[in-house]
Amino acid sequence: MALWLVPALYLLLIWHDSVLANSEYFLPEDQNSTVKVLFSRAPLLNKYRVSSDFDPKGMEHLYTVTSFFLQLIQSPGLPPEILTDELVDDPVGVLNEHRGVILSHFLGMLLMGLIGLLLGVVIPLGGFFFCCCRCAGRCGGSRMEVMEKKRDSCRRISYGIVMFSIVVVMLFGLVCAFVTNEYIEQGVQALPDNVKLSIDDVQLYFNNTKSEVNNLLKNNFKQLQEKLEESLDRSGYIVKVRLGEVSQAVAVDNLTEIVSRLEQLRNDINEAMENTKKLQQDGNQLQLGLAGVRKDLMGLLNECNTEACQEILKQYDLSYLVVEPNFSELPNLTDVMQKLSDLLHEDIESEVRKGKDTFDRLSYTIQDAVSNAIPAIKQKIRNFGIELGAAADNTSQMLHVPELRQAKEVVSSFQPYIEKYSVYRRYGSMALCCGMLAIVLCFTFGVVCGSCGSRPGNIYGDSSCNKGVGARLLIMGVIVVFLLSFFLLLTTTALFLVGGATQRTICDVIKNTSDPQMKEVILLVQKRLLIKVIEEDFQITEILRQCHNNKSLYQTLELEKRSQLHIGPNVVVSIFNLSQLTNYRERYKVDEKLSDFLNQLNVNPNVTLLTTEGKELLKQLKDTPVSSINFTVYFVMAEEQLTAINLLELAAKLNNTAEILPSSQLELAAKLRNSALQLESYHLRLVISIRSSLNKLRNVAEHIQKASKFYGKKLKDVIIELLEKAQWAQEFIQTKGKEELKKLGKEFVSEFTKLIDQYAAHVKQQVTEEIGRCGPVSQAYNASYVAACNKVILPFNGFWASLGWCTLLCIPCIFIAVTLSVLYRRIDPYPGPLVDSDFASDNYADRDNIPLANVSQKRTWKDRQTYDNRNGYVYDYSPEFRDQVSPPRSGYMPAPQVDNVQPPTSAGPPPYAAPQDVPPSMGSQPFPNGPSEYTRPPPYFFPGP
């Protein structure tokens, strides 16, 4: 049970050198800081295979009742008096010393076991005396009572219902016994595999914990180290950028960006001018060509008197055969182009860039100033990483737990024994179930035959399932009960003691980790057996409880309460408490190195942001009419229709009209085709070219418009604003630049330390809340409990409970079965109240007017004997026939079978025929003064004097 704790405790051996060492440098993280490192997470394998789910498979009610019964008769656990250290050293002596306490503790189970043993002895002895009693003609063994008594029919039905109900309950218990026997076998066979899966999951948990530690101490620190070294290497640039933001010197960067676009702007304007020129040329040519075609078509169509020609005039207004856009309205970019060319010729970009380059060189100056302090800081960071890396390697080595592999080998060693001997338990239990099945079958068929079968003694042949057969089956069931009761009760009692004690002393205790009994047992085992691997003051039950809540390993082992840890007799490990904040700057002398960094940051930022020539050129740039260009006309012309009439459509119409003209107008048709050809030529050569030029011009106009604006403002406004900012920045740097650099250096150092604080906070959060969440260990523990207790012990207890109640129900079945067997053997039905009254008591013995009053002496009930009167009425009470009647028989003689009975030839019952083996006095011997064949008269009826 505590096997999984061994590797967990190994982790404590290196905790101070690994995870907890980093927490010494923790400072609360500034939530308002924008400087952060995005730490990666460890790639964990969540392929845990065990499950603590338990499916009782229909036996949940049986398990509940059995557990409730055990709770009633037995308290959980062991007596507290014997849970001492001496129990491990001298268990026999402790048990002898406290045998009274032990007997008192297990009194309920012992009494139940004693009752079971007594019943196992008493029932066979009772069976012996029962057999002797039946041999003497008692206990339902007499065969002389063949006539039913007054209430026998009601008794037979009532006892049959009770017997049938008990048999149904026994059948249910028998089914439960067979099923639980299979469940036991399945649980026992799967137990080693389930335990090995639990061990594998514990091993996977430690592998994941190892991965988490390596990720935290190696990968995350490497990410921090890269960020810190990058900040140090770019410290000059970072401080320079901060200075530019504070002093608004970034305006120089913006001005430089603007002038860097001038070359491309000039090229775009030049391209726009070329497209505009080409567009105007093509437009003029197309306009002239369409004018000629329009004039020719007007003359030709007016000369043509056909309906087709008149239809063209109606459909097309040839006055609209012109170029719609006026390309002469496009902006003239010559002046803009000239001014931009002049500025670029005077090298405006170089003049403005001089100030930017001067300000950029400030970053190199700052970097050179602090370069002597940076290597020392980097070395401290590397030393910190080396220490953490070594701790992580040590952690990985210690988290390799060979005990888990050894535990799997031990579990695997039990597999052959289970496969070899479990089959004997299975078939032994099945034999007990089969014995009980034989009893239940005898009782079941006995009740069925006795209730549904016919009466025995039918002269035409008895059925194989009559009441007599039912009586014999019931007696057979009683005999089987007497024969098997000793073995059944002895085995059930033994299984009850073993299964009940196991569940109440082990399963019910380890199920509840907060049970004081479990704490005492675990503490005793820990003191005497696990002292070499587990410290005495560790509470394993508390560890289990924390794991059930999926706490981290740090919280589970309560390391915040410990300053040192004793592992074994000679190993002491110091543990740092995370609740204490240690000044990590003093240990690594971070403050000293960062102070050197600030002391070296003694730079006078004497820079010129803009030269006089640069300012003049920028003023000229703001006066260029770039921002005043009308870009809308470009976009409108690109979307405008070039001609109102589609040239290709008109050409096609002309060709169709020429085709239908009569032969007398061939010259006119040729001229129409020539006009159509000209329209097609203009479209292919000019219209397409003009459309392409318009699209190009629109794209160039978009580029020029975008370049003429900066942050959504016009170029002129932006340059004025940036010139003012640059002038203010120049004055600020010259007057306050040195002090501002010192201030910015302190901010840089503060943010540098915040990165380390962030890592420290990350380590604390991971260690206290994330690393080693032992939920998988709890899952493995619960799965092992389910595999052993729920899948083996619960079916085991369900088996003896099912078999036990079947055996106990056999006791009332014995009495009911004997009673029913007597009732089922009575073959003559109840004759009526008067005959019964005459037979039951001799009320007319002293009277003279009753039939059969010639009996010389009154007989008592002891002198009465039964007689066989099934073959006809015999005048044994008349004096003249008394000598001819055979003497009374001592017992019941069954009616002989009659062979070759002829079926009746007419409706109604057949005439009476005496059996062949009956004496003449009771057969076909003719009576004096009587017929040769006698029909039984009705019973005597005498109403009285």
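Reckoned from all heavy atoms, side chains included, excluding hydrogens, waters and symmetry mates.
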Show your working on side chain to side chain contact (heavy atoms under 4.5 Å, CB included) between Ser552 and Glu770 and close with a plain yes or no. CA-CA 6 Å; Ser552 66; Glu770 298 297 333; over 6 Å; no
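For the 3.5 Å distance criterion, the side chains of Asn208 and Glu212 fail to qualify, holding no donor opposite an acceptor. In this structure, a donor-acceptor pair under 3.5 Å is present between the side chains of Gln546 and Glu542. Side-chain contact check for Asn219 and Gln223: no donor-acceptor pair (N or O, by modelled atom type) lies under 3.5 Å.
Other residues, nucleotides and ligands contribute at most 12 non-hydrogen atoms within 6.0 Å of the NZ atom of Lys714. Within 6.0 Å of NZ on Lys742 lie more than 12 heavy atoms contributed by other residues, nucleotides or ligands. For Lys222, the NZ atom counts as loosely surrounded, since its 6.0 Å shell holds 12 or fewer non-hydrogen atoms of other residues, nucleotides or ligands.
By the ring-ring contact (aromatic ring centres under 6.0 Å, His included) test, Phe39 is found to be paired with Tyr759, His762, residues two or more places apart in sequence or in another chain being considered. Residues that satisfy the ring-ring contact (aromatic ring centres under 6.0 Å, His included) test with His548, not counting sequence neighbours, are Tyr781. Checked against side-chain contact (heavy atoms from CB on, under 4.5 Å), Lys210 has the following partners two or more places apart in sequence or in another chain: Asn207, Asn214, Ser396, Leu399. Scored by the salt bridge (charged side-chain N to carboxylate O under 4.0 Å, His left out) test, Glu740 finds no partners at all (sequence neighbours excluded). For Asn267, there are no side-chain hydrogen bond (donor to acceptor under 3.5 Å, both in side chains) partners, not counting sequence neighbours. Scanning for side-chain hydrogen bond (donor to acceptor under 3.5 Å, both in side chains) contacts around Arg41 gives an empty result, with sequence neighbours left out. For the side-chain contact (heavy atoms from CB on, under 4.5 Å) test, residues two or more places apart in sequence or in another chain that qualify with Ala701 are Phe631, Tyr634, Phe635. Taking the side-chain contact (heavy atoms from CB on, under 4.5 Å) definition, one finds that Ala729 meets it with Ser247, Ala249, Leu609, sequence neighbours left out. Scored by the side-chain contact (heavy atoms from CB on, under 4.5 Å) test, Lys622 finds Lys619, Lys716, Ile719, Ile720 as partners (sequence neighbours excluded).
Evaluation of the ring-ring contact (aromatic ring centres under 6.0 Å, His included) test over residues 594-623, restricted to residues two or more places apart or in two chains, returns Phe597-Phe748. Residues in residues 601-613 take part in no salt bridge (Lys or Arg N to Asp or Glu O under 4.0 Å) pair, two or more places apart or across chains.
Contact check on Glu257 versus Arg261 returns a salt bridge, with a Lys/Arg side-chain nitrogen under 4.0 Å from an Asp/Glu carboxylate oxygen. Ion pair Glu263/Arg266 flagged as a salt bridge, since at least one NZ, NE, NH1 or NH2 atom sits closer than 4.0 Å to an Asp/Glu carboxylate oxygen.
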Distance-only check: which donor-acceptor pairs under 3.5 Å involve side-chain atoms of residues 355-364, not counting sequence neighbours?
residue : atom : partner : partner atom : Å
Lys356  : NZ   : Asp360  : OD2          : 2.7
Thr358  : OG1  : Lys354  : O            : 2.8
Thr358  : OG1  : Arg361  : NH2          : 3.3
Asp360  : OD1  : Lys240  : NZ           : 3.1
Ser363  : OG   : Asp360  : O            : 2.6

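Screening Arg49, Arg405, Lys47 for a salt bridge (charged side-chain N to carboxylate O under 4.0 Å, His left out) involving Asp200 leaves a single residue, Arg49.
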